[in-house]
> 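Dropping a structure here in structure tokens format, bear with me for questions.
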Amino acid sequence: MIEGGVRLKGEVTLSGAKNAVLPILAATLLTDEPCVIKGVPNLRDTNTMLKILRALGKNAELNKGIVTALPNKHISYIADYKLVSTMRASFCVLGPLLGKLKKAKVSLPGGCVIGIRPVDLHLKGFKALGAKINIESGYVIAKAPRLKGNHMYLGGTYGSSVLATDNVMMAATLAQGVTVIESAACEPEVVDLAEFLIKMGAKIKGHGTPIIEIEGVKYLHGAGHTIIPDRIEAGTLMVAALITKGDILIKNVSFQHLGALIDKLEEAGAWISRTDGSVHIRFKKRLKPINLTTLPYPGFPTDMQAQMMSLMTVTPGISVITEKIYPDRFMHVAELNRMGAHIQREGPHAIVEGIRGLSGAPVMASDLRASACLVLAGLVARGKTEVSRIYHLERGYENLEAKLEALGAKIWREKE
Ligand code: UD1
């Protein structure tokens with residue numbers, strides 16, 4: 001429940017990045033030695049990944065932001081439908097299982113509300129490493145008595161794939177010879193995974209660029225690592241500051257990961273200042289409409305599209321938002337319109353006619369980032385907004401409600 005209209009003010013600290021921690025936890029399957037991962041956000045998705053690891057035989061627990069993954073007992077090569085179907089990112093256990101055990105049986109994750117989301121690029125990469133792939137009863141069965149490094153191109157219709165790059169990179173660390181991934185994803189979370197793998201003894205070059213080279217090694221050892229800050233949480237809080245005409249200091253930020261987002265917020269008229277490890281954002285003057293297109297990193301992140309749309313609904317003028325990663329990721333449009341927004345969808349475009357104010361309403365979250373966009377809209381709407389199905393929010397935001405409340409928001413939780 002949100003009572004809108006309060007200007008947010010104060011300081012807030014980011015949590016570790018969801019999209020970095022999930023593959024990094026999966027990567028602990030590559031070693032029999034202990035790993036210690038710090039800065040781990042306590043999210044529904046983190047806990048789902050830990051459940052999958054435990055179901056596979058890895059003893060891993062989260063305690064006060066630290067995951068300790070102990071030596072493997074007996075690692076199973078089968079990741080069950082019941083767990084994998086609850087979270088797409090669980091498909092990234094396939095790469096480490098294949099690398100370590102040379103066989104894996106992992107349930108196909110299926111589509112989700114933001115699109116069909118195929119896994120063809122993951123499978124193309126595994127096949128290039130010499131794995132035989134069969135699809136049986138909804139499972140991918142991958143076998144490779146010997147994984148062999150290879151040169152491959154992993155670009156798809158919508159550009160590079162984050163989890164396909166992660167998955168194939170993890171398998172290739174234990175392959176024989178050199179693997180080159182062309183059109184690799186450049187997202188900071190892929191770089192964080194590569195850094196962790198390097199600490200485990202992997203030989204990786206070029207991460208953060210579209211060409212990653214991995215020289216296979218015989219084994220990987222245990223390692224410690226601290227997860228990078230969540231750039232999508234940073235963006236969501238920046239929008240929270242602007243939409244409420246507020247003034248907030250966000251701590252534990254990797255400024256260099258926010259280029260496209262900061263560019264668009266400044267174009268809209270935000271005042272943004274970088275201090276040591278922090279970003280200060282303040283509403284300065286009436287915002288201007290903007291046009292934006294989501295693209296793979298370093299382009300504007302699709303995971304910030306819905307939140308930017310909330311901001312544009314109350315920014316007078318016409319803004320055009322083009323979704324180039326998930327052309328159907330517009331479930332939030334109808335919900336924002338229920339709050340009085342004027343948004344028209346035309347294929348992969350949303351045309352937003354900014355209005356003076358939204359009005360609070362009962363709305364329903366359809367997915368993780370759409371739920372964040374509805375919370376943001378609620379912060380500025382007149383009256384009360386009730387966002388239901390907030391379990392979506394809990395998948396990827398650590399204590400968002402408490403963080404917003406500490407900044408002055410009138411936000412509380414009621415049992416559904
Ligand atoms: C990751 C992020 C997610 C983010 C997305 C895009 C994690 C845990 N999740 O998801 O938050 O929204 O990147 O930045 O890191 N595709 C194919 N074939 C494939 C794989 C993907 O066609 O085999 C397509 C997808 O449908 C989509 C595009 O490629 O259109 C990018 O998807 P991808 O980068 O793979 O997303 P994820 O890694 O699943």
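When a ligand or atom number is given, it counts from 1 through the structure's own listing order.
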> Regarding E189 and R231, does a basic nitrogen lie under 4.0 Å from an acidic carboxylate oxygen?
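Salt bridge between E189 and R231, a charged N being under 4.0 Å from a carboxylate O: yes.
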> Counting from 1, what ligand 1 atoms have a heavy atom of A89 closer than 4.0 Å?
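It comes down to these atoms of ligand 1: 8 (C).
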> Using a strict 4.0 Å cut-off to heavy atoms of V119, name the atoms of ligand 1 that fall inside it.
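Within the 4.0 Å cut-off of V119, ligand 1 contributes 19 (C), 23 (O).
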> Would K105 and E136 count as a salt bridge (Lys or Arg N to Asp or Glu O under 4.0 Å) if you check the C-alpha gap in whole Å, the side-chain angles of each, and the deciding distance to 0.1 Å?
CA-CA 9 Å; K105 179 177 172 184; E136 274 174 34; over 6 Å; no
> Going by atom types only, do H221 and D32 share a side-chain donor-acceptor pair under 3.5 Å?
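Short answer, no.
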> Considering only protein heavy atoms, which is closest to atom 5 (C) of ligand 1, and at what distance to one decimal place?
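Of every protein heavy atom, Y326 OH, 3.4 Å lies nearest to atom 5 (C) of ligand 1.
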> Below 4.0 Å from ligand 1: does a non-hydrogen atom of T157 turn up there or not?
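False for this residue.
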> Could E323 and R329 be called an ion pair, given the rule that one side-chain N must be under 4.0 Å from one carboxylate O?
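The answer is no: the pair does not qualify as a salt bridge.
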> Do K288 and E267 meet the salt-bridge criterion of a basic N to acidic O distance under 4.0 Å?
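Judged by the 4.0 Å cut-off on N to carboxylate O distance, E267 and K288 do not form a salt bridge.
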> Would you say that more than 12 heavy atoms from the other residues, nucleotides or ligands in this model lie under 6.0 Å from the NZ of K324, or not?
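Counting other residues, nucleotides and ligands, NZ of K324 stays at 12 neighbours or fewer.
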> Between ligand 1 and M49, can you find any atom pair, the residue atom being a heavy atom, that is separated by under 4.0 Å?
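Checking ligand 1 against M49, which is what was asked, there is no heavy-atom contact under 4.0 Å.
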> Only one of K18, R389, R413 clears salt bridge (Lys or Arg N to Asp or Glu O under 4.0 Å) with E394; which?
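The salt bridge (Lys or Arg N to Asp or Glu O under 4.0 Å) with E394 is passed solely by R413 among K18, R389, R413.
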> Any heavy atom of H122 closer to ligand 1 than 4.0 angstrom?
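True for this residue.
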> Name the closest protein heavy atom to atom 39 (O) of ligand 1, giving the residue it belongs to and the distance to 0.1 Å.
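Answer for atom 39 (O) of ligand 1: R117 NH2, 3.1 Å.
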> Of the protein's non-hydrogen atoms, which lies at the shortest distance from atom 13 (O) of ligand 1, and what is that distance?
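Result for atom 13 (O) of ligand 1: V162 CG2, 3.5 Å.
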> Among all protein non-hydrogen atoms, which one is nearest to atom 11 (O) of ligand 1, and what is the separation to 0.1 Å?
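Result for atom 11 (O) of ligand 1: D303 OD2, 2.6 Å.
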> Among all protein heavy atoms in this structure, tell me which lies nearest to atom 29 (O) of ligand 1, with the distance rounded to 0.1 Å.
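Ranking protein heavy atoms by distance from atom 29 (O) of ligand 1, first comes Y158 CB, 4.1 Å.
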> Nearest protein heavy-atom contact for atom 8 (C) of ligand 1: which residue, which atom, what distance?
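The answer is N19 OD1, 3.3 Å.
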> Report yes if L163 has an N/O atom closer than 3.5 Å to an N/O atom of ligand 1; otherwise report no.
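Between L163 and ligand 1, an N or O pair is found under 3.5 Å apart.
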> Below a 4.0 angstrom heavy-atom separation, can you tell me which part of S161, side chain or backbone, both or neither, approaches ligand 1?
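The answer is both, backbone and side chain.
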> Could you tell me the residue and atom name of the protein heavy atom closest to atom 31 (C) of ligand 1, and the distance to it rounded to 0.1 Å?
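Protein heavy atom with the smallest distance to atom 31 (C) of ligand 1: I325 CG2, 3.7 Å.
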> Can you check salt bridge (Lys or Arg N to Asp or Glu O under 4.0 Å) on K251 and D276, steps first, answer last?
CA-CA 9 Å; K251 294 179 158 178; D276 199 18; over 6 Å; no
> Using a 6.0 Å distance limit plus a 45 degree cone around the ring axis, check whether R369 lies over the aromatic ring of Y397.
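So R369 does make the cation-pi contact.
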> Atoms of ligand 1 less than 4.0 Å from R329 heavy atoms?
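Matching atoms, with element in brackets: 12 (O).
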> Kindly identify the option in P118, S90, P109 whose heavy atom sits closest to atom 19 (C) of ligand 1.
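Looking at heavy atoms only, the winner is P118.
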> For K127, is there an ion pair with D120 - N to carboxylate O distance below 4.0 angstrom?
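Judged by the 4.0 Å cut-off on N to carboxylate O distance, D120 and K127 do not form a salt bridge.
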> Among all protein heavy atoms, pick the one closest to atom 23 (O) of ligand 1 and tell me residue, atom and distance.
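Going by distance alone, atom 23 (O) of ligand 1 is nearest to L121 N, 2.7 Å.
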> Is there a salt bridge (Lys or Arg N to Asp or Glu O under 4.0 Å) between E61 and R54? Walk through the geometry before answering.
CA-CA 9 Å; E61 294 290 344; R54 287 193 290 266; 3.6 Å; yes
> Are any of the N/O atoms in T302 less than 3.5 Å from those in ligand 1?
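N/O-N/O distance under 3.5 Å: no.
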